[in-house]
Number of protein chains: 2
Amino acid sequence: MAPSTETLTAERILEATEEVLRRHGPAKATVVDVARALGVSHGSVYRHFRTKAALREAVTKRWLDRTAEGLAAFASGPGDPEARLRDWLRSLFDAKRRKAGDDPELFATYRVLAAESAEAVAAHIADLIGQLTRIVEEGVGTGTFAVPDPAAAARAVFQASGRFHDPGYARVWTRPEAQADFASLVDLLVRGLRG
Amino acid sequence: MAPSTETLTAERILEATEEVLRRHGPAKATVVDVARALGVSHGSVYRHFRTKAALREAVTKRWLDRTAEGLAAFASGPGDPEARLRDWLRSLFDAKRRKAGDDPELFATYRVLAAESAEAVAAHIADLIGQLTRIVEEGVGTGTFAVPDPAAAARAVFQASGRFHDPGYARVWTRPEAQADFASLVDLLVRGLRG
DNA sequence: CAGATGACAGATTTCAATATTTGTCAGCCG
DNA sequence: CGGCTGACAAATATTGAAATCTGTCATCTG
């Protein structure tokens, strides 16, 4: 790739790394590839990221943050908490299924990256459960829901719906019964929250 | 291993195969090892199992069947359906956690075997969901539960509790919060079934 | 003759040599 | 000087030749 006159920033390195990962996959994407894509020596990349692992983790964080952003709208939007909970869960399921279906290789790549960055994933999950907690708390406030511990209930809802957002289950998302299974699960969980 | 004068049966081969898998792990357990353990030539093993895959699948089936047996008691035992449902879920979680904790290598071995025999696993899961369906149906009969479709609800309960029985989650079973998370989830599901 | 054997071909795995990559750092350049 | 370079050692990955394994079958044996 042609060298650039622009300043070398962490941001530019992250973009180039995403591109290299998309092209070569997680196993063959090297720091040298990233440097080549930017037209610099690999030593320069190490000036911005201490290790290859740190670079990959930064890419993973960006990706997880983008995912969480798309859901925040449902978490704090207006409207009935029960409907918002349903929308939030459906939106999460749809987004995951779309990503896994549209570009399986890229999805697999991010699966590998996520497995490497347990800490970033834990933070992301805490973020999502936080969004759910706000919905459940509001539902308790309006009387829609009746649970003793909204945070624990939100956690349970997130874990119970794992089959429809945990990447480990990606292969079942396209099965014909997935849609009905998802509907049954959401109904059961919502009834549980109503108390 | 010493040769035996006993007749070579499928059963004896399966026992020897389990032993070889326990000793060598799934990657290094060969048909020749099994034959050697029985004091016969590997050709004789192929008289009882067409392929190595078929042999492994038979071992997997035995193991899955033993697991399902232990739960059947709760499925059809006497007593309150809600309590039986709770006992069934707890028993499944405890059994899995015990196996994963007591002998992680053997657990990992069976995880590999199960991944190879999708069909046998699907049958096993159908069996378990069948047990759950019977409990839910009985609960609907006694008025404890109120769901429109007991089979769909049982399916949802099984999938919702995946985090506490799916081997893919084994690494979270020993976390300190697992116990509380399990309790929250079961409470939520039971409330959902009560309608 | 039913069941076991072991030689065999092709597929798969292992292992050691070879090549690449990671991460460092002394020195270069604007 | 501040940032970039590229030579380098150690760690990791790739390769391909040798060894092992899978599955078959003609032959043997009780």
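Throughout, a chain's letter reflects where its sequence line sits, starting with A, and its residues are numbered from 1.
With sequence neighbours left out, A:Asp127 forms a side chain to side chain donor-acceptor pair (under 3.5 Å) with no residue at all. With sequence neighbours excluded, no residue forms a side chain to side chain donor-acceptor pair (under 3.5 Å) with B:Arg98.
In this structure, B:Arg12 atom CZ and C:dA4 atom C1' are separated by 13 Å, rounded to whole Å. Rounded to whole Å, the distance from CG on A:Leu8 to C1' on C:dG30 is 16 Å. The interatomic distance linking B:Lys28 (NZ) with D:dT22 (C1') rounds to 18 Å, in whole Å.
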Show me the protein contacts with nucleotides 8-13 of chain C, counting only N or O atoms at under 3.5 Å.
none

Distances under 3.5 Å between nitrogen or oxygen atoms of protein and nucleotides 17-20 of chain C:
none

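Side chain of B:Ser117 to main chain of B:Ala120: no donor-acceptor pair is present (N/O by atom type, distance under 3.5 Å, no hydrogens or angles).
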Determine all donor-acceptor pairs shorter than 3.5 Å in which one atom belongs to a side chain in residues 100-111 of chain A; sequence neighbours excluded.
| residue | atom | partner | partner atom | Å |
| --- | --- | --- | --- | --- |
| A:Asp103 | OD1 | A:Leu106 | N | 3.2 |
| A:Thr109 | OG1 | A:Glu105 | O | 3.0 |

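Checking B:Thr144 against B:Thr142 by side-chain atom types alone, a donor-acceptor pair falls below 3.5 Å.
Taking CZ of A:Arg194 as the reference point, atom CZ of A:Phe145 lies at 8.0 Å (rounded to 0.5 Å). To the nearest 0.5 Å, the span separating CD on A:Gln131 from CZ on A:Phe74 amounts to 10.5 Å.
Exactly one of B:Val190, B:Val186, B:Leu189 qualifies for a side chain to side chain contact (heavy atoms under 4.5 Å, CB included) with B:Leu85. That residue is B:Val190.
Using a 4.0 Å cut-off on heavy atoms, the residues of residues 45-62 of chain A that approach DNA chain D are A:Arg47, listed by number.
Taking only side-chain nitrogens and oxygens, A:Ser41 never comes nearer than 4.0 Å to OP1 or OP2 of D:dG6.
For B:Glu177, the CD atom counts as densely surrounded, since its 6.0 Å shell holds more than 12 non-hydrogen atoms of other residues, nucleotides or ligands.
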*Take A:Thr67 and A:Leu128 through the test side chain to side chain contact (heavy atoms under 4.5 Å, CB included) and record every step on the way to the result.*
CA-CA 10 Å; A:Thr67 303; A:Leu128 294 185; over 6 Å; no

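When heavy atoms are screened at a 4.0 angstrom cut-off, B:Val32 is found touching base atoms of the nucleic acid.
Ring pair A:Phe93/A:Phe182: centre-to-centre distance below 6.0 Å.
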